[in-house]
Engineer: 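Dropping a structure here in structure tokens format, bear with me for questions.
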Amino acid sequence: MRAVFAVVTVIAATFIVFTVSRLTGDPREMLIRPEGYGISEEAYEAIGKKLGLDKPLVVQYGMWIGRVVRGDFGKTLLTQRPVIDLFLEKAPATIKLSITSWILATLIGVPLGVLSAVYRGGFIDYVGRTFALFGQATPAFWLGIMVILIFSVLLNWLPSGTIGPEDASFIERAKYFVLPSIVLGWGGAAGYLRLTRSAMLEVLDSEFIRLARAKGVSNSRVVWKHAFRNALIPPLTFSALLMAFFLNGQVVIEVVFSWPGLGRLATESVFENDFNTLSTAVLFFAALFSLTAFIADVLYATIDPRIRLTGHKE
Amino acid sequence: MNDARITSNISIVSYLAKIWWVLRKWPVIPIIILLTLLICSGFSEQIAPESYRKTDLRLRNAPPFWMEGGSTKRILGGDVVGRDILSRLIHGARIELIVAGISLLSGAIIGVTLGLIAGYMGGFIDELTMRLVDIWFSIPFILFALVVTIAFEPSLQVVLVLLAILAWSAFVRNIRAEVLALKGRDYVSAAKIAGASKVRIILKHILPGVFNTVMIIASLRVGQLIMAEASLSFLGAGIPAPTPAWGVMVADGRNYLDNAWWVSTFPGFAILLVVMSFNFIGDWLRDRLDPNLRQLL
């Protein structure tokens, strides 16, 4: 049942964006070069027929989704390249950056959250909460510009912009990932920290932890084995959503760092009125989001048997 | 409880301790920042040293006053066409507040109404509303916003509508959950038995009960809205020039980083301060009004 809803969700999402994108004007306008001789009435009509522009919107959408189901994502409007090729070309950059940012966010956010809860009110807690407060309040595009200014322009420590030359060594290429990963990962780390902290505080307050302590179990064992395992659920489900958020939310970061990924491809397709590429991008992002939301739910139910997926009747 | 003891024992240390205690208990600094924002947006014309659109090519990319070559004519420096960054920041405060306020209010009204109806009515209406929220969540917002602004030309109105529909979804989910809990309470059943209509029960008996949650979500949401507006403006899909939106100002300075870092830095820092203050107050409200929400938000 949930799978059906997920499919309906994705179809509705693409339909909405498909419809709105049609309001931006006739895509044929993009084909007429300003410096050229214009386009004849017949040719204009012919292109319209070929793209299916003469049919009602719902039919156009139906045609598009019909082709997609058969694995044909169409061609880009201006360059006439198959959209799927373009996607496969740009996807690795986006996926790689999402993974590095995700790892960074997890490695920093979760342990810091645990420590923050254990030393509640202490120095580490203040450091952690300040870190989280800044992480959630700093505009990513501005932070991106600032780290480029400081680490690339002023200090010249790290390169910025693009993903780096392909023939460079692994270390050289890795350097290009440092700044964008930090900028993208900070907000995620802040989310992890807050969730882990509040979950840990709740668990540390419970009876069985007091019992373990009374039994004489060492502090680190209580924290990491008894408490942390039980506080794991919120950060774990968050991690699935965070991955989706990174894959979707990179648009601004990719623009700031001239990152050759899907986010920039999608932004460009908006400005070029390239509906095949745009619809495919939205399809990809929406499907990804529904999938991760589904995974998060399943994770939740597997780890915590108290939660059942069937229906939400209170 | 410590209050009396600390004040009776007057020494510098205890005085500092008292300041620390007040700072910890009340969000003093965020309130000061937001008051500044409020005053700036109310009296931009009186406070700002210059008009926000007055250019002066002799002062283009002029550095802030404490740096070499800077003057008090451009306290925080001048931008690419010599406009005063400080004045633009002050005028921008009004824009940020208007955008955040209107979009939050309309988003809250839509979201709370839907949440109340879905939660109280249940059944098909509930299912439909929640699926609608799911669909909305799965649309990549920035892309959607870009498409919409291109379709309707960038303008303040378009931004407001976009942010309002960004704001509503968080309200629906949380308010619905809250209503489901309140629905089963005895006083609601009593009202039902007494013959109160559905509308009356929702408005008189349930709405006051979810009011705290609404306040908490709203205060936690403002920061996100300001951030979203800034991101849109940065991408060129926000409020059009010459309105001094802070996101636009950051974007303006992007190409002059190596010789005029201040053009991008100050507006971004202003966004940071304001968003942080709203978030801080939101957290503080949540901890005070409803500690149970900690897990949810």
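The analysis underlying the following values was restricted to heavy atoms, covering all of them including side chains, and did not include hydrogens, waters or symmetry mates. Each chain gets a letter, A, B and so on, in the order the sequences are listed, and its residues count up from 1.
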Engineer: Between A:L143, A:V256, A:I148, which shows the greatest number of heavy-atom pairs under 4.5 Å with chain B?
Structural biologist: A:V256

Engineer: Could you check whether any side-chain N or O of A:R120 sits under 3.5 Å from a backbone N or O of A:D125, counting only pairs where one atom can act as donor and the other as acceptor?
Structural biologist: no

Engineer: Given a strict heavy-atom distance threshold of 4.5 Å, which part of B:F269 is in contact with chain A: side chain, backbone, both, or neither?
Structural biologist: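 Answer is both: backbone and side chain atoms of B:F269 are under 4.5 Å from chain A.
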
Engineer: At a heavy-atom separation under 4.5 Å, does B:D126 approach chain A through its side chain, its backbone, both, or neither?
Structural biologist: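 When you check distances to chain A, no heavy atom of B:D126 falls under 4.5 Å.
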
Engineer: Please state whether the side chain, the backbone, both or neither of A:I11 comes within less than 4.5 Å of a heavy atom of chain B.
Structural biologist: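 It is neither, since no heavy atom gets under 4.5 Å.
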
Engineer: Assess whether atom OH of B:Y120 is packed by more than 12 heavy atoms of other residues, nucleotides or ligands within 6.0 Å.
Structural biologist: yes

Engineer: Between A:F284 and chain B, which part of the residue has a heavy atom less than 4.5 Å away: side chain, backbone, both or neither?
Structural biologist: neither

Engineer: Ignoring hydrogens and geometry, is there a side-chain-to-backbone donor-acceptor pair from B:W246 to B:L89 under 3.5 Å?
Structural biologist: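 Judged by distance alone, yes, a pair lies under 3.5 Å.
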
Engineer: Give a yes or no on whether the backbone of B:I165 and the side-chain of B:W168 come within a donor-acceptor separation of less than 3.5 Å.
Structural biologist: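 Side chain of B:W168 to backbone of B:I165, a donor-acceptor pair under 3.5 Å: yes, one is there.
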
Engineer: Are the side chain of A:T94 and the backbone of A:L262 linked by a donor-acceptor contact shorter than 3.5 Å?
Structural biologist: yes

